[in-house]
Amino acid sequence: MSILNMDYDYLIKLLCVGDSGVGKTSFLYKYTDGVFHTQFISTVGIDFREKTVIYQQNGRQHRIHLQLWDTAGQERFRSLTTAFYRDAMGFLLLFDLTNEASFLEVRNWIEQLKTHSLSDDPDIVLCGHKCDLQEKRLVNQNRAREFAKNYNLPYLETSAKTGQNIDRAIEILLDKIMYRMETSVEYAMLCASGRRRQSLQKLQAKQDKKFCSSC
Amino acid sequence: MALNPQYDAIGKGFVQQYYTLFDDPAQRPTLANMYNVETSFMTFEGVQLQGAVKIMEKLNSLTFQKITRLVTSVDSQPMFDGGVLINVLGRLQCDEDPPHPYMQTFVLKPLGDSFFVQHDIFRLGIHDVA
């Protein structure tokens with residue numbers, strides 16, 4: 001499903017968040033087909049990888065270039081800087097099914113995302129990660145489902161080891177984002193206006209796109 | 001009290017000893033001996049802490065298993081109370097994370113034949129814009 005050239009219709013920036021040690025990096029590693037080629041911007045502590053996918057919408061095909069942003073572990077020391085959240089269009093919120101504290105922190109993460117994202121009601125997919133470790137599981141499925149239901153979030157149990165639901169989680173998030181873009185002209189206009197919000201614009205396919213933090 | 005002419009050696013020696021203890025999880029709790037129970041201050045990523053107990057709570061709450069570091073520079077100055085001001089520029093790496101630059105500043109206050117850490121300020125070198 002991925003294509004290798006740099007032409008695309010949409011550039012979409014997704015963030016992977018959650019407590020340190022929940023498996024964010026291995027989640028993204030698995031999703032990008034085990035390619036460990038990341039671009040690390042040390043000055044802002046951001047690690048990101050990219051993948052281009054084909055998305056079907058109303059019988060049309062869109063080429064979507066995903067930028068998947070990961071932290072560089074600084075959340076061990078501090079809260080994340082605003083540079084990390086800037087212009088994010090969707091969030092993968094992970095907790096570790098074998099670590100109850102990481103589940104209890106999900107509430108705080110949701111507040112963080114509401115504070116920093118473009119929308120008051122950001123698109124989030126909640127993932128209970130490391131579901132292959134059944135014998136070490138400390139958060140049962142019903143409890144996590146109930147929580148997700150209260151916050152009106154899709155909930156999936158994922159594993160980077162088996163690959164379970166990894167692609168699915170990103171597909172669901174992408175569905176939410178594309179639906180929002182299609183239905184909310186205001187949102188699309190908002191996102192498309194201004195230099196810092198160009199990432200949502202339908203971009204001209206260009207060769208040799210270079211990352212720059214301000215766009 | 002006079003300026004301590006050994007300030008540079010004291011600075012470098014202290015930094016080496018401090019990080020040796022810090023970076024070994026088994027020895028990290030002994031750092032408590034370097035801080036005063038009441039009069040030591042720490043600013044850790046903007047969080048203000050006072051006293052050895054609070055400072056050690058903070059250090060013990062850090063979640064990495066393994067930390068390694070490279071110290072790029074240790075710049076020290078003598079202080080007029082006989083203490084030493086130390087500024088460290090370095091890079092640290094926790095577990096499998098990418099390395100982060102950091103800065104740490106210490107003020108050592110004389111105490112008998114030795115010193116204690118009166119001030120300790122730590123920041124990762126991460127910016128809001130690239």
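Remember, it's a predicted structure, so these values are computed and weren't measured experimentally.
- For residues 46-57 of chain B, the set of pairs meeting the side chain to side chain donor-acceptor pair (under 3.5 Å) definition, not counting sequence neighbours, comprises B/Thr43-B/Gln48.
- Between A/His62 and A/Tyr10, the ring-plane angle classifies as perpendicular under the 30° and 60° cut-offs.
- Note that B/Lys109 lies outside the cation-pi zone of B/Phe115, set by a 6.0 Å cut-off to the ring centre and a 45° limit from the axis.
- With a 4.5 Å cut-off on non-hydrogen atoms, A/Phe40 touches chain B through its side chain but not through its backbone.
- Between B/Phe14 and B/Tyr18, the ring planes lie tilted relative to each other; the angle falls in the 30° to 60° range.
- Residues from residues 90-103 of chain B that place a non-hydrogen atom less than 4.5 Å from a non-hydrogen atom of chain A comprise B/Leu92, B/Cys94, B/Asp95, B/Asp97, B/Pro98, B/Pro99, B/His100, given in numerical order.
- Of the two parts of A/Ser20, only the side chain, counted from C-beta on, holds a non-hydrogen atom closer than 4.5 Å to a non-hydrogen atom of chain B.
- Looking at A/Asp123 and A/Arg180, a side-chain N of the basic residue comes within less than 4.0 Å of a carboxylate O on the acidic one, giving a salt bridge.
- Checking each of A/Gln141, A/Lys161, A/Glu157 against A/Cys131 for a side-chain contact (heavy atoms from CB on, under 4.5 Å) leaves exactly one that passes, namely A/Glu157.
- Under the side-chain hydrogen bond (donor to acceptor under 3.5 Å, both in side chains) criterion, A/Arg145 pairs with no residue, sequence neighbours left out.
- A salt bridge links B/Lys12 to B/Asp8: one of the charged nitrogens lies within less than 4.0 Å of a carboxylate oxygen.
- Under the 4.0 Å criterion applied to side-chain N and carboxylate O atoms, A/Asp96 and A/Lys130 are assigned as salt-bridge partners.
- Below 30°, between 30° and 60°, or above 60°: for A/Tyr8 and A/His65 the angle between ring planes is below 30°, a parallel geometry.
- Near-neighbour residues of residues 59-74 of chain B relative to chain A, defined by a heavy atom under 4.5 Å from a heavy atom of that chain, comprise B/Leu62, B/Thr63, B/Phe64.
- Taking the six-membered ring where the residue is Trp, the centroids of A/Phe95 and A/His129 are separated by 6.0 Å or more.
- Counting heavy-atom pairs under 4.5 Å between each of B/Ile126, B/Leu124, B/Val47 and chain A puts B/Ile126 at the top.
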